[in-house]
**Q** 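Structure in structure tokens, see below.
Below, chain A is the first sequence line, B the second, and so on; all start at residue 1.
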Number of protein chains: 2
Amino acid sequence: MSRNGEIQVRVGRNGAQRADDEAQDPQGGAATLAEAAYRRLRQDIVTGVFAPNQPLRLELLRQRYGLSFSPLREALNRLQSERLVVTAPLRGFSVAPVSIEEMWDATETRILIECEALRRSITRGDDDWEAGIVAALHALDLQVRRRAAGALGADELIALETRHQDFHRALIAQCRSRRLIDLSNQLYVETQRYRLPTLAGQIPAASRDVAFEHREIMEAALARRSDEAVALLAAHYRRTSTLTEAAMQSGAAK
Amino acid sequence: MSRNGEIQVRVGRNGAQRADDEAQDPQGGAATLAEAAYRRLRQDIVTGVFAPNQPLRLELLRQRYGLSFSPLREALNRLQSERLVVTAPLRGFSVAPVSIEEMWDATETRILIECEALRRSITRGDDDWEAGIVAALHALDLQVRRRAAGALGADELIALETRHQDFHRALIAQCRSRRLIDLSNQLYVETQRYRLPTLAGQIPAASRDVAFEHREIMEAALARRSDEAVALLAAHYRRTSTLTEAAMQSGAAK
DNA sequence: GCACGATATATTTTCGAAAGAAAGATGATT
DNA sequence: AATCATCTTTCTTTCGAAAATATATCGTGC
């Protein structure tokens with residue numbers, strides 16, 4: 001957003017061609033710089049670019065993202081309310097710490113929220129809801145296979161996370177509660193850090209069949225067996241956290 | 001609360017979890033101007049000084065609070081993530097709208113959260129927990145009586161709200177989940193607006209005995225009858241929302 | 001009169017500097 | 001050498017102005 005006397009080729013205010021050259025949009029489709037800062041910061045935190053407890057000095061962020069203080073501060077405040085960063089007054093921001101207790105609190109809260117949302121979805125779910133779940137699981141499986149076939153880049157990992165979130169989102173899509181959906185999304189992001197190899201170590205893929213667990217959940221949901229679907233979903237999340245806990249304790253202390 | 005074997009019955013103003021424990025401070029005990037702006041804005045929104053949907057022009061707020069844009073913006077961002085204000089990019093902030101649907105979503109979500117938290121508290125609750133509940137209900141009753149005796153000022157209403165919140169906080173204090181407690185507090189604030197006379201009209205006090213409902217909940221909790229306590233709590237919240245819904249529909253047509 | 005386009009105004013968003021506070025360094029005193 | 005106060009440095013927070021954008025106003029052509 002050329003600001004300081006940089007040459008700016010802009011034809012009046014009617015630049016209708018502004019439409020979609022988003023391919024190289026420096027702001028990634030964000031309307032404001034604060035929004036862009038929020039997205040990039042969140043990404044960098046959940047992918048481990050910024051480690052837990054690391055202080056987020058504004059000068060550093062300013063250089064890294066090429067922004068001023070205002071949009072950064074705005075983004076950091078949003079992230080604080082999402083528990084990804086913490087702040088002490090007059091002492092700045094830092095990446096939220098991780099701990100086994102926090103992980104389990106997030107996990108159990110997530111189970112509470114999503115199981116209720118899933119129950120409601122199963123009650124209200126229509127054909128579109130079913131189709132959405134089937135589609136999301138299919139796309140997830142494709143991405144899992146692509147990764148298993150050797151695609152280990154950061155982009156592939158992000159795509160995998162997105163597909164995974166989409167599947168869980170599809171399950172609860174018909175719960176008809178803005179709050180449950182938003183909380184589910186937020187808790188997903190919160191738990192994302194605990195699945196990072198840098199934190200949890202590389203959990204042996206052989207120790208479980210995630211794809212099978214997903215399929216079981218889907219089938220119970222589509223068959224409208226609420227209790228079974230909810231139990232499977234809770235077990236699915238608890239299994240992940242149990243494995244992560246073991247990896248954290250054996251791996252790096254603290 | 002007493003975590004490491006400290007024997008400490010916290011009562012009254014020494015309570016570590018009072019909603020509003022601040023002296024007469026120029027900034028209301030806030031370390032930063034942004035924090036002060038946050039508190040004042042939130043207060044003005046939940047007490048109806050700013051009506052639902054009202055645009056929150058920065059210039060207006062700047063004059064009203066004597067602050068600059070930066071701390072205001074920070075406060076507004078925090079309030080946005082708490083659903084008290086909404087924002088459209090480049091179009092500024094406004095007070096979040098109210099609707100019967102939103103009220104019920106907040107109510108049912110609150111029931112989900114607090115019933116789970118209450119169950120856990122009942123399981124883990126110790127002597128301090130019981131004492132905290134008894135103390136909070138007593139303080140609430142005192143304030144209710146003071147108000148019934150004719151104290152109708154804004155300060156008295158705020159004090160009543162604080163005591164009410166403290167009681168419900170005390171019930172779930174031992175749930176041992178930071179997230180459940182924070183969500184409970186947030187949902188309390190969200191539902192506060194729906195209890196305003198300006199919005200819901202003056203609900204006839206004779207139509208229910210709130211003090212009795214509170215006492216029933218407390219007695220079931222102290223007697224460790226989880227199912228009963230949870231059912232009473234849920235009914236308590238649903239009753240409030242049902243009355244508000246009726247008042248909203250008959251009163252002003254949105 | 002009415003749609004349309006250009007200009008003017010209002011408002012938000014962003015910037016960079018200045019003020020304010022905490023952490024760290026220096027030095028004098030015991 | 002240790003303690004404390006003071007100075008420096010570093011960093012956060014706040015400000016007011018400038019830039020970018022949206023909204024309202026006005027005039028023009030049909």
**Q** Distance check needed: C/dT12 P versus B/Arg62 CZ, whole Å only.
**A**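 Distance check: B/Arg62 CZ to C/dT12 P gives 12 Å.
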**Q** Check the distance between D/dC15's C1' and B/Gln63's CD and give it to me in whole angstrom.
**A**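 Taking atom C1' of D/dC15 as the reference, CD of B/Gln63 is at 16 Å.
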**Q** Output the single nucleotide from D/dT14, C/dC15, D/dC11 whose closest atom is nearest the side chain of A/Leu33.
**A**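 The answer is C/dC15.
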**Q** Tell me: CG of B/Leu61 to C1' of C/dT11, nearest whole Å?
**A**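 After rounding, the reported distance stands at 12 Å.
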**Q** Using the closest heavy atom to pick a nucleotide of DNA chain D for each, name whichever of B/Pro89 or A/Ser70 lands nearer the 5' end.
**A**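 Its nearest nucleotide being more 5', the pick is A/Ser70.
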**Q** Between D/dC15 atom C1' and B/Glu74 atom CD, what is the distance in whole Å?
**A**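 Distance check: B/Glu74 CD to D/dC15 C1' gives 13 Å.
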**Q** Counting heavy atoms from C-beta on, name the nucleotide in D/dC15, D/dA22, C/dT13 closest to the side chain of B/Arg91.
**A**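 Nearest listed nucleotide: D/dA22.
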**Q** A/Gln43 vs A/Tyr38, test: side-chain hydrogen bond (donor to acceptor under 3.5 Å, both in side chains). Steps then yes/no.
**A** CA-CA 8 Å; A/Gln43 184 78 302; A/Tyr38 166 75; over 6 Å; no
**Q** Classify B/Thr32 by what it touches in the nucleic acid, base, sugar-phosphate, or nothing, heavy-atom distance under 4.0 Å.
**A**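 Here B/Thr32 touches the backbone only, sparing every base.
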**Q** Take atom CZ of A/Phe69 and atom C1' of C/dT14, then tell me their distance rounded to the nearest Å.
**A**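 In whole Å, C/dT14 C1' lies 12 Å from A/Phe69 CZ.
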**Q** Without decimals, in angstroms, what is the distance between A/Gln80 CD and D/dT12 C1'?
**A**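 Atom-to-atom, A/Gln80 to D/dT12, this comes out as 14 Å.
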**Q** State which of C/dT13, C/dT12, C/dA22 makes the closest approach to the side chain of A/Leu90.
**A**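 Taking heavy atoms from C-beta onward, the closest nucleotide is C/dA22.
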**Q** Can you check the A/Leu72 CG to D/dC11 P distance for me, whole Å?
**A**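 Taking atom P of D/dC11 as the reference, CG of A/Leu72 is at 15 Å.
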**Q** Tell me whether the NZ or CZ atom of B/Arg110 lies within the 45° cone about the ring axis of B/Tyr188 and under 6.0 Å from its centre.
**A**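 Cation-pi check for B/Arg110 and B/Tyr188: fails.
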**Q** Whole angstrom is fine here: how far is it from CG in B/Leu58 over to P in D/dT14?
**A**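 From B/Leu58 CG to D/dT14 P: 15 Å.
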**Q** Between A/Arg176 and B/Asp105, is there a side-chain N and carboxylate O pair less than 4.0 Å apart?
**A**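 No.
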**Q** Tell me whether B/Thr109 contacts the main-chain N or O of A/Arg179 through its side chain, where contact means a donor paired with an acceptor under 3.5 Å.
**A**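 Judged by distance alone, no pair lies under 3.5 Å.
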**Q** Donor-acceptor pair, distance only, cut-off 3.5 Å: does the side chain of A/Trp129 make one with the backbone of A/Ala170?
**A**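 Side chain of A/Trp129 to backbone of A/Ala170, a donor-acceptor pair under 3.5 Å: yes, one is there.
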**Q** For the side chain of B/Arg73, counting heavy atoms from C-beta on, which of D/dT14, C/dC15, C/dT13 is nearest?
**A**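 Of the candidates, C/dT13 comes closest.
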